[in-house]
Each structure stands twice: as structure tokens, then as C-alpha cells.
Amino acid sequence: MKPEYRRIFQAVAAIPRGRVASYGQIAARAGLPGRARMVGKVLGYRSDGQELPWFRVLRADGRIAFAPGSRGYREQVERLRAEGVDVRNGRVPMQAFGLDHDLDRELWGMPD
DNA sequence: AGTATGACATATA
DNA sequence: ATATATGCCATAC
């Protein structure tokens, strides 16, 4: 297993429950700036056994990366909604569920 | 070795 | 909102 892949898995696993991140953010966090595509690749390599919150990874604009109606798409929507993430028309408001917002919330000390 | 294809991103138009 | 244009790079042919 390549070390980059491990870091990617680690970065994905670090996404808190009920929140989401973009492929680019994960890549950057894994020390691979500009290599967002690789993140998608690696997520595809995941073996079904391991527990990985792959569904918390979206495109930069908040849209689900899978084709609408596809199996992966439906599962992702389902799983996200199951933990309180608002998914409308295949899209999630990153402004509300993204990672940077957490820091803001910490600093401003205000609830959702 | 060369081309094509992605669970992508950013910049323009 | 749609549409190109680049950059990116692991895999598959």
C-alpha cells in the first residue's frame, strides 16, 4: 500500500460525523495538493471490509460525484441524510456542513 | 511509448 | 447556470 493512499484514508476518516469535505481538501490534507483526482481513485480502491466515511467526500461545489440515480449516488445521499446532512437535489450546502465552518463556529461560539 | 479515462479543481467567458 | 480550457496523475489498453 502506497503511503499516499494511507494518508488519504486517514484524512477521510478524520472527517467528523455530520460534516463533509471536498476531494481537493482531502488531497491537500493528505499532503497531495492539486491531486484531487487521486482521492476519488483511492476511495474506489477501498475494500468493503474497512469502515471509511467515503460518503462525506463531495465535489468542491458540494455536489455528489456519482451520476444521479446511480447506486453509489443513492447510497451516499442516504448515508449523509442518516447523519443529519442536508442533501437537496444531489447537492450539499458546503457553507453549512463544510470543515472550515467548524472553526468559525468554535471561534464565534455559536450553534448551528 | 502513446492515448484515453476518471468519485476533481480552478479560472475564464 | 453552461461551457471550454488547463493542470493533475494513476490505471488500463
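We name chains A, B, ... by the order of the sequence lines, and we start the count at 1 in each one.
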Write down the distance between [atom1] ([X]) and [atom2] ([N]), rounded to a whole number of angstrom.
| X | N | atom1 | atom2 | value |
| --- | --- | --- | --- | --- |
| Asp61(A) | dA9(B) | CG | P | 7 Å |
| Arg35(A) | dT10(B) | CZ | C1' | 17 Å |
| Ile26(A) | dA9(B) | CD1 | P | 11 Å |
| Leu32(A) | dA7(B) | CG | C1' | 16 Å |
| Leu43(A) | dG6(B) | CG | P | 17 Å |

Every stem of 3 or more Watson-Crick or G-U pairs under 3.5 Å that DNA chain C joins, in order of first number, is B:2-6 with C:9-13, B:8-13 with C:2-7
The test is side chain to side chain contact (heavy atoms under 4.5 Å, CB included); show your working for Leu58(A) and Leu80(A) and say whether it passes. CA-CA 11 Å; Leu58(A) 308 170; Leu80(A) 285 174; 4.2 Å; yes
When the [atom1] atoms of [M] and [N] are compared, how many Å lie between them, rounded to an integer?
| N | M | atom1 | result |
| --- | --- | --- | --- |
| dA7(B) | dA5(C) | P | 22 Å |
| dA1(B) | dT11(C) | C1' | 15 Å |
| dG6(B) | dG7(C) | C1' | 14 Å |

Closer to the 5' end of DNA chain C via nearest nucleotide, is it Arg91(A) or Tyr45(A)? Arg91(A)
Carboxylate-amine/guanidinium proximity below 4.0 Å for Asp61(A) and Arg59(A): no
Decide, yes or no, whether a salt bridge links Arg56(A) with Glu83(A) under the criterion of side-chain N to carboxylate O below 4.0 Å. yes
Touch check for Tyr5(A), heavy atoms < 4.0 angstrom, all strands: base, sugar-phosphate only, or nothing? sugar-phosphate
Classify Arg56(A) by what it touches in the nucleic acid, base, sugar-phosphate, or nothing, heavy-atom distance under 4.0 Å. nothing
Counting distance only, does the side-chain N/O of Arg19(A) pair as donor-acceptor with the main-chain N or O of Phe97(A) below 3.5 Å? no
Any donor and acceptor pair, going by atom type alone, linking the side chain of Gln25(A) with main-chain N or O of Ser22(A) inside 3.5 Å? yes
Please verify the inter-ring angle class for Tyr45(A) with Tyr5(A); under 30° counts as parallel, over 60° as perpendicular, anything in between as tilted. tilted
Would Phe55(A) and Glu75(A) count as a side chain to side chain contact (heavy atoms under 4.5 Å, CB included) here? Give the steps. CA-CA 8 Å; Phe55(A) 49 88; Glu75(A) 183 176 354; over 6 Å; no
Would you please test Gln76(A) and Trp54(A) for side chain to side chain contact (heavy atoms under 4.5 Å, CB included) and show each step? CA-CA 8 Å; Gln76(A) 187 161 18; Trp54(A) 55 269; 4.0 Å; yes
Which two nucleotides bound the region of DNA chain C that has atoms under 4.0 Å from heavy atoms of chain A, read 5' to 3'? dA1(C) to dT11(C)
Partner of Val57(A) under side-chain contact (heavy atoms from CB on, under 4.5 Å), picked from Ile64(A), Leu52(A), Ile8(A), Ile15(A), is Ile15(A)
